[in-house]
K.L.:
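Please read through the structure below; I'll follow up with questions.
Heavy-atom basis, side chains included; hydrogens, waters and symmetry copies ignored.
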Amino acid sequence: MLKQLGVLDRIARHSGPNETFLVRASDGDILMNIALGQFDVPALCTRRSDLLAGLLAELPPERIKLGHELTGLEQTARGVRLSFARGASAEHDAVIGADGIRSLVRTQLFGKIKPVYRGYTVWRGVANYGGGAVPAGLNSETWGRGHRFGILNTGHDRFTWYATANGAEHRADSSQGRQAELVRMFADWHEPVPDLIAATPADEILKNPAYDLPPLRRWGSGRVTLLGDAAHPCTPNLGQGGCMALEDALVLAKCFSRAASIEGALRRYESMRRPRTRHIQKRSLLMGTIGQWENRVVVAGRETVTSLLPARLFEHNLRRLYAYQS
Ligand SMILES: Cc1cc2nc3c(=O)[nH]c(=O)nc-3n(C[C@H](O)[C@H](O)[C@H](O)COP(=O)(O)OP(=O)(O)OC[C@H]3O[C@@H](n4cnc5c(N)ncnc54)[C@H](O)[C@@H]3O)c2cc1C
């Protein structure tokens, strides 16, 4: 327990609190103000690099072996044999495939399953932006026609933002570059949207097509299981993909500490995690579909309905999402 608090404290120092979430229209009007309130442990917005650094600091360095690209695996009578590029191999009691949305471990278990493109591109950046333009604890997503812009306050005047646009799966950057394209796309949106894009180092803006998979019926077999995006890739509309991977790890560790056999632990973990991850995958897909609507009349209707709906409905749903206890 003390160790866990150490990790949390370390990560919290580099994070921003997540207390209030605004849904806004592109002119800045607030359509919904969702008060998340307090949880047993704080809900935080943190950068992936700070999260990883906080977790890594807890592990002896020799536990992590970099530079090993998995090329195949085979279950044997005693465990699982792994093959790596450049000829290395290893045998272990069990294997947890946490190798992302295009998981090779998943392919080895169930054959190739191609991620599904959901019709929009997502750009991300981190801007250093002072002046208290966004109060601490306040995060937001702004809806336009076929575009969205999210602002997450990760503390210390750093803001992670994301922007979306409908279009083809492999969208080329414009000839003026990614940043100029985004500045143009969001030029008439409310402040600080254009400023945040402009304040981001141009070569650090990431671009990804939005992919996921329909929930898988099976995650594992024998002494092999999947974790994170390998098991339940999700569109990024609820900010839960990485969070679910962390939850998976915690539940898996608990299952190992309680089960009599390795296979028993893995199957128990899969059955405990499937309902929640399936729910989030479906909910996130739906949020993305609604958020990316671009027909003028439909978008006007969405704004009206959102501003009339009671925020407590969303508060209830989001609190349930964040207050997960394994
Ligand atoms: C635009 C966007 C925004 C997002 N925003 C959020 C957010 O706000 N909050 C949130 O919680 N999540 C968010 N996510 C989701 C989050 O990034 C993923 O859910 C998370 O990274 C999944 O972690 P993972 O460890 O399962 O997979 P990954 O992070 O994909 O890691 C897989 C690792 O496996 C390695 N690997 C792959 N194949 C092999 C192989 N053959 N051999 C060896 N290594 C291999 C890869 O190099 C990689 O290091 C977002 C995703 C996107 C695309």
Side-chain angles (χ1 to χ4, degrees), residues 48 51-52 55 63-65 68-84 90-118 208-288 320-322 324-326:
R48 186 187 176 105
L51 174 67
L52 287 178
L55 294 172
R63 299 291 289 275
I64 297 179
K65 298 193 193 318
H68 283 63
E69 186 197 345
L70 184 74
T71 52
L73 63 83
E74 183 195 351
Q75 305 219 34
T76 65
R78 292 207 316 271
V80 189
R81 190 175 304 124
L82 301 170
S83 319
F84 299 97
E91 186 148 352
H92 293 286
D93 294 335
V95 165
I96 300 152
D99 51 346
I101 189 167
R102 295 176 198 279
S103 168
L104 181 88
V105 177
R106 189 181 68 222
T107 300
Q108 298 267 304
L109 290 177
F110 307 122
K112 206 163 184 76
I113 310 173
K114 196 168 171 277
V116 181
Y117 175 59
R118 295 300 182 181
N208 298 89
Y211 292 117
D212 71 356
L213 276 182
L216 301 177
R217 278 192 299 119
R218 293 178 66 202
W219 291 7
S221 160
R223 289 170 170 242
V224 182
T225 195
L226 303 173
L227 181 151
D229 276 13
H232 44 70
C234 189
T235 53
N237 296 299
L238 293 173
Q240 287 296 307
C243 300
M244 287 194 289
L246 293 172
E247 292 171 1
D248 286 349
L250 185 66
V251 172
L252 185 55
K254 284 186 179 173
C255 289
F256 269 122
S257 72
R258 287 172 194 159
S261 71
I262 288 178
E263 294 196 25
L266 299 182
R267 299 297 90 77
R268 173 98 185 109
Y269 148 75
E270 292 159 8
S271 66
M272 284 178 73
R273 290 297 296 155
R274 243 195 320 261
R276 176 171 168 86
T277 54
R278 186 193 307 130
H279 170 75
I280 293 175
Q281 281 176 293
K282 289 183 172 173
R283 184 59 68 94
S284 185
L285 177 61
L286 178 68
M287 291 306 293
R320 237 183 43 183
L321 196 67
Y322 290 165
Y324 172 72
Q325 301 271 346
S326 61

K.L.:
Give the minimum heavy-atom separation between S221 and L109, together with the two atoms involved.
P.N.:
CB-CD2, 4.1 Å
K.L.:
Kindly say whether L104 contributes a backbone atom to a donor-acceptor pair with the side chain of D99 at under 3.5 angstrom?
P.N.:
yes
K.L.:
Please confirm whether R276 makes a cation-pi placement over Y324, using NZ or CZ under 6.0 Å from the six-membered ring centre and within 45° of the ring normal.
P.N.:
yes
K.L.:
Quick check for you: to the nearest 0.5 Å, what is the distance between L226 atom CG and L266 atom CG?
P.N.:
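If we round to the nearest 0.5 Å, L226:CG and L266:CG are 10.5 Å apart.
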K.L.:
Keeping the roles fixed (side chain from S257, backbone from K254), state whether a donor-acceptor pair exists under 3.5 Å.
P.N.:
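Checking the backbone N and O of K254 against the side chain of S257, a donor-acceptor pair under 3.5 Å is found.
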K.L.:
Okay, side chain of R223, backbone of G79: is any donor-acceptor separation there less than 3.5 Å?
P.N.:
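No, R223 side chain to G79 backbone: no donor-acceptor pair under 3.5 Å.
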K.L.:
Donor-acceptor check, side chain of S284 to backbone of N237, threshold 3.5 angstrom: yes or no?
P.N.:
yes
K.L.:
With side chain to side chain contact (heavy atoms under 4.5 Å, CB included) as the test, would you mind laying out the steps for V95 and Q108 before giving the verdict?
P.N.:
CA-CA 12 Å; V95 165; Q108 298 267 304; over 6 Å; no
K.L.:
Got a second to check how far L252's CG is from I96's CD1, nearest 0.5 Å?
P.N.:
4.5 Å
K.L.:
Quick check: does any side chain N or O of D212 sit under 3.5 Å from a backbone N or O of C234, one acting as donor and the other as acceptor?
P.N.:
no
K.L.:
Quick check against the 3.5 Å criterion: does E270 have a side-chain atom that pairs as donor or acceptor with the backbone of R218?
P.N.:
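No; zero donor-acceptor contacts below 3.5 Å.
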K.L.:
Specify the closest pair of heavy atoms between V116 and P214, including all atoms of both residues, with the distance to one decimal.
P.N.:
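Result for this residue pair: CG2-CD, 4.0 Å.
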K.L.:
Can you name the nearest heavy-atom pair linking C255 to M272, along with the distance?
P.N.:
SG-SD, 3.8 Å
K.L.:
For S83 and T71, which I'm curious about, is there any donor-acceptor pair between the side chains at under 3.5 Å?
P.N.:
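No, no side-chain donor-acceptor pair sits under 3.5 Å.
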K.L.:
For the atom pair CD (E91) and CG (L82), what is the distance rounded to the nearest 0.5 Å?
P.N.:
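Rounded to the nearest 0.5 Å, the CD-CG separation comes out at 8.5 Å.
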K.L.:
Once you round to the nearest 0.5 Å, how far does OG of S103 lie from CG of L70?
P.N.:
8.5 Å
K.L.:
How long is the straight-line distance from OG1 of T277 back to CD of E247, given to the nearest 0.5 Å?
P.N.:
9.0 Å
K.L.:
Taking A210's backbone N and O only, do any of them form a donor-acceptor pair with R118's side chain (distance below 3.5 Å, no angle check)?
P.N.:
no
K.L.:
May I have the step-by-step check of side chain to side chain contact (heavy atoms under 4.5 Å, CB included) for Q240 and Y322, ending in yes or no?
P.N.:
CA-CA 9 Å; Q240 287 296 307; Y322 290 165; 3.4 Å; yes
K.L.:
Taking only residues two or more places apart in sequence or in another chain, which ones pass ring-ring contact (aromatic ring centres under 6.0 Å, His included) with H68?
P.N.:
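Here the qualifying residues are F84.
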K.L.:
Could you walk me through whether R106 and L216 pass the side chain to side chain contact (heavy atoms under 4.5 Å, CB included) test, one step at a time?
P.N.:
CA-CA 10 Å; R106 189 181 68 222; L216 301 177; 3.7 Å; yes
K.L.:
Answer yes or no for R102 and Y211: cation-pi contact, defined as NZ/CZ to six-membered ring centre under 6.0 Å and angle to ring axis within 45°.
P.N.:
yes
K.L.:
Going by side-chain hydrogen bond (donor to acceptor under 3.5 Å, both in side chains), name the residues that satisfy it together with E263, two or more places apart in sequence or in a different chain.
P.N.:
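Scan of E263 (side-chain hydrogen bond (donor to acceptor under 3.5 Å, both in side chains), adjacent residues dropped) gives none.
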K.L.:
So which heavy atom on P215 is nearest to which on K282, and how close?
P.N.:
CG-CE, 4.4 Å
K.L.:
Specify the closest pair of heavy atoms between G239 and C243, including all atoms of both residues, with the distance to one decimal.
P.N.:
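Shortest heavy-atom contact: O-SG, 3.5 Å.
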K.L.:
Tell me the closest heavy-atom pair linking R273 and V251, and the distance in Å.
P.N.:
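In this case the closest contact between R273 and V251 is CD-CG2, 3.7 Å.
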K.L.:
Would you indicate whether the side-chain heavy atoms of F256 and I262 approach each other to under 4.5 Å?
P.N.:
yes
K.L.:
What's the separation between atom CD1 in I101 and atom CD1 in I113, rounded to the nearest 0.5 Å?
P.N.:
11.0 Å
